[in-house]
Amino acid sequence: EGSVMDHLTSGQHSQLGLTEIPYDTILTQTDTLEVLDLSYNLLEEYPSLNSLNLEKLSTLILDCNNYTSHIKFPYMPSVTALCINKNKINNLHMFVEEIRRKFPNIKILSMMNNEAAPSCFNGGTTCVSISFCLVRQYVISQIPGLEILDDTEVLEKERAQARKTYRLQQSSHSSRTRKDMPKKHTQKKSNTVRRT
């Protein structure tokens, strides 16, 4: 077993019971840090890593913390892998949009055991498995560069189905023409003012 200092010098800040990100320690490694592991802590603050200039950081691991769907990441084009399993993410759309915008080169995303990402591997029923498939398709459609989602490779047929499903969702909203739109029955209100 290594000491706390061993964990800190290797870029592993996991299982230390941290409630705050150890920015001072990370600052000493900005030129070389490729993997930052902050797993198994009590973190819920937004990771303000943008001011640290972590140009070589390729993997960010935030498993088993208290992060929610409202997490705000800095723009991190060098990160290609993000693990955020076992957190408190419950709004898939909000979370995936944040990932898509802030990690443009992401190839690996793992977000298992969050409320927004049901898994059929957790003894799920058919209903959960269907939800799992829909969640997977949605994430793949929004982040088309993904190669691995959760612990499974993204297959080309999945990518095609995700594009098709997403395109259908988009077109169902935009295919209505003006004549198809429900007519609004509005009554003109009088703009008179009563003086008493």
Side-chain angles (χ1 to χ4, degrees), residues 1-30 33-50 52 54 56-76 78-103 105-125 128-129 131-136 138-140 142-143 146-154:
E1 300 241 14
S3 69
V4 169
M5 201 56 213
D6 290 338
H7 275 281
L8 297 179
T9 56
S10 69
Q12 290 185 354
H13 305 278
S14 62
Q15 300 180 352
L16 299 177
L18 299 174
T19 56
E20 295 179 354
I21 294 174
Y23 294 108
D24 292 343
T25 307
I26 295 170
L27 272 172
T28 66
Q29 305 172 45
T30 55
L33 192 62
E34 293 180 18
V35 177
L36 179 55
D37 185 352
L38 295 167
S39 300
Y40 296 93
N41 284 295
L42 304 168
L43 300 174
E44 56 188 45
E45 68 174 289
Y46 301 149
S48 303
L49 302 172
N50 51 346
L52 300 181
L54 299 171
K56 294 191 177 184
L57 186 67
S58 63
T59 303
L60 182 57
I61 305 169
L62 301 171
D63 295 343
C64 300
N65 279 290
N66 293 319
Y67 288 113
T68 70
S69 305
H70 297 280
I71 188 169
K72 298 293 181 210
F73 291 102
Y75 183 72
M76 300 183 82
S78 64
V79 172
T80 57
L82 172 65
C83 299
I84 192 160
N85 303 300
K86 292 187 180 179
N87 276 274
K88 297 179 178 178
I89 297 164
N90 60 9
N91 184 320
L92 183 68
H93 301 285
M94 181 186 302
F95 177 72
V96 169
E97 177 64 16
E98 180 70 7
I99 299 304
R100 188 184 66 75
R101 289 177 50 240
K102 303 296 178 68
F103 300 101
N105 299 308
I106 194 162
K107 304 283 182 226
I108 300 168
L109 174 61
S110 188
M111 54 182 199
M112 294 185 288
N113 293 310
N114 280 290
E115 188 182 326
S119 174
C120 59
F121 303 113
N122 297 339
T125 64
V128 172
S129 296
S131 295
F132 171 77
C133 293
L134 292 174
V135 165
R136 187 170 170 84
Y138 176 76
V139 175
I140 293 168
Q142 298 303 296
I143 309 172
L146 279 182
E147 295 174 4
I148 297 175
L149 177 55
D150 294 330
D151 58 355
T152 309
E153 182 181 353
V154 176

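The shown structure was predicted, so the numbers you read here are calculated from the model rather than taken from an experiment.
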Taking side-chain contact (heavy atoms from CB on, under 4.5 Å) as the test, write out the residues that go with [X], two or more places apart.
X	answer
T59	V35, I61, A81
C64	Y40, K86
I148	I108
K56	E34

Out of curiosity, [X] [atom1] to [Y] [atom2], how far, rounded to the nearest 0.5 Å?
X	Y	atom1	atom2	answer
M112	L149	CE	CG	9.0 Å
T68	M94	OG1	CE	8.0 Å
R101	K72	CZ	NZ	7.0 Å
L60	L54	CG	CG	9.5 Å
L43	N66	CG	CG	8.0 Å
L57	T30	CG	OG1	11.0 Å

Determine yes or no for a side-chain-to-main-chain donor-acceptor pair under 3.5 angstrom, with D150 supplying the side chain and R136 the backbone. no
Are [X] and [Y] close enough that some pair of their side-chain heavy atoms sits under 4.5 Å apart?
X	Y	answer
V139	M111	yes
L92	Q142	no
L82	F73	yes
I84	I71	yes

Can you list the steps and then say if L146 with I106 is a side chain to side chain contact (heavy atoms under 4.5 Å, CB included)? CA-CA 6 Å; L146 279 182; I106 194 162; 4.2 Å; yes
Check [X] against [Y] and note the closest heavy-atom contact, atom names and distance.
X	Y	result
N87	Y67	OD1-N, 3.0 Å
N90	S69	N-OG, 2.8 Å
I21	I26	CG2-CD1, 3.7 Å

Contacts of N85 meeting side chain to side chain donor-acceptor pair (under 3.5 Å) (sequence neighbours excluded), chain-then-number -> D63, S110
Please identify each residue that fulfils ring pair (Phe, Tyr, Trp, His ring centres under 6.0 Å) with F95, with sequence neighbours left out. none
Just checking K102: does its NZ atom have more than 12 heavy atoms from other residues, nucleotides or ligands closer to it than 6.0 angstrom? yes
Any chance the side chains of T80 and N105 put a donor and an acceptor closer than 3.5 Å? no
Less than 3.5 Å apart, any donor N or O on the side chain of S39 or D37 sitting next to an acceptor on the other? yes
